[in-house]
Amino acid sequence: MDTGKTIIIGSDHAAFGLKEKIKDLLFNLGYRVEDAGTDSDASVNYADYGKKVAGAVSKGEFPKGILLCGTGLGMSMVANRFSGVRAALCSDVFSVQMSRQHNDSNVLVLGGRVVGDILAFELVKAWLKTEFEGGRHLDRIQSIDA
Ligand code: RB5
């Protein structure tokens with residue numbers, strides 16, 4: 001499968017509804033979506049889904065992933081343990097843009113109990129259209145994994 005324009009997405013129960021809405025947004029923007037779960041609002045462990053998404057990005061199976069839980073905190077803690085994963089927990093557009101321009105974030109993390117749907121959509125759109133600046137920032141992100 002050509003995963004170049006495929007986003008892998010996962011959430012726990014606390015952000016299941018927002019995950020489904022973000023999937024619709026991604027489809028409408030022309031992305032293919034790999035849904036790593038969860039599949040309902042029944043209580044689950046966020047780490048199981050964070051590991052699936054971050055593991056796939058770490059292995060290069062997908063260039064980018066989106067993770068959601070209630071606060072985004074648990075998912076970001078899980079995701080940033082994976083080599084090569086630069087997960088950015090954001091709730092404002094400026095941070096989203098900086099996470100791409102300066103940090104080349106490859107996983108966006110959102111808190112479904114923190115941001116409303118409309119803000120979440122704006123955050124996802126800003127994240128997808130903002131490019132990494134490279135240059136001095138490349139050395140810096142490379143040193144994270146060195
Ligand atoms: C679930 O209640 C909640 O703990 C989880 O969604 C997340 O916020 C953890 O960081």
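One is the number of the first residue; the rest follow in order along the sequence. For ligands, and for the atoms within them, numbers begin at 1 and follow the listed sequence.
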Minimum heavy-atom distance between A126 and V93, given as atom pair plus value: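 Smallest interatomic distance, heavy atoms only, reads CB-CG1, 4.1 Å.
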Ligand 1 versus H13: contacting region, heavy-atom distance under 4.0 Å: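 The answer is the side chain.
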Identify the protein heavy atom lying closest to [atom], giving its residue, its atom name and the separation to 0.1 Å.
| atom | value |
| --- | --- |
| atom 7 (C) of ligand 1 | C69 SG, 3.4 Å |
| atom 2 (O) of ligand 1 | R113 NH1, 3.4 Å |
| atom 10 (O) of ligand 1 | G74 N, 2.8 Å |
| atom 8 (O) of ligand 1 | T71 N, 2.9 Å |
| atom 5 (C) of ligand 1 | D12 OD2, 3.2 Å |

Among L73, T38, L68, D12, the one residue meeting side-chain contact (heavy atoms from CB on, under 4.5 Å) with Y46: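 It is D12; the other options fail the test.
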Enumerated ligand 1 atoms positioned under 4.0 Å from heavy atoms of A14: 6 (O)
Sub-4.0 Å atoms of ligand 1 with respect to non-hydrogen atoms of Y46: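 So the answer, numbered in order with elements, is 9 (C).
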Check: S58 side chain, G55 main-chain N or O, donor-acceptor pair, under 3.5 Å: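 No; judged by distance alone, with no hydrogens or angles, the pair does not exist.
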Cluster link F94 to L119, ILVMFWY, side chain under 4.5 Å: no
CA sep, side-chain torsions, deciding dist, call: I8, I66, side chain to side chain contact (heavy atoms under 4.5 Å, CB included): CA-CA 6 Å; I8 184 166; I66 296 175; over 6 Å; no
Sub-3.5 Å N/O-N/O distance, G70 and ligand 1: yes
Beyond-backbone contact of I141 with R86, side-chain heavy atoms, under 4.5 angstrom: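 SC-SC contact between I141 and R86 confirmed.
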Ion pair check, D104 and R100, cut-off under 4.0 Å: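 So D104 pairs with R100 through a salt bridge.
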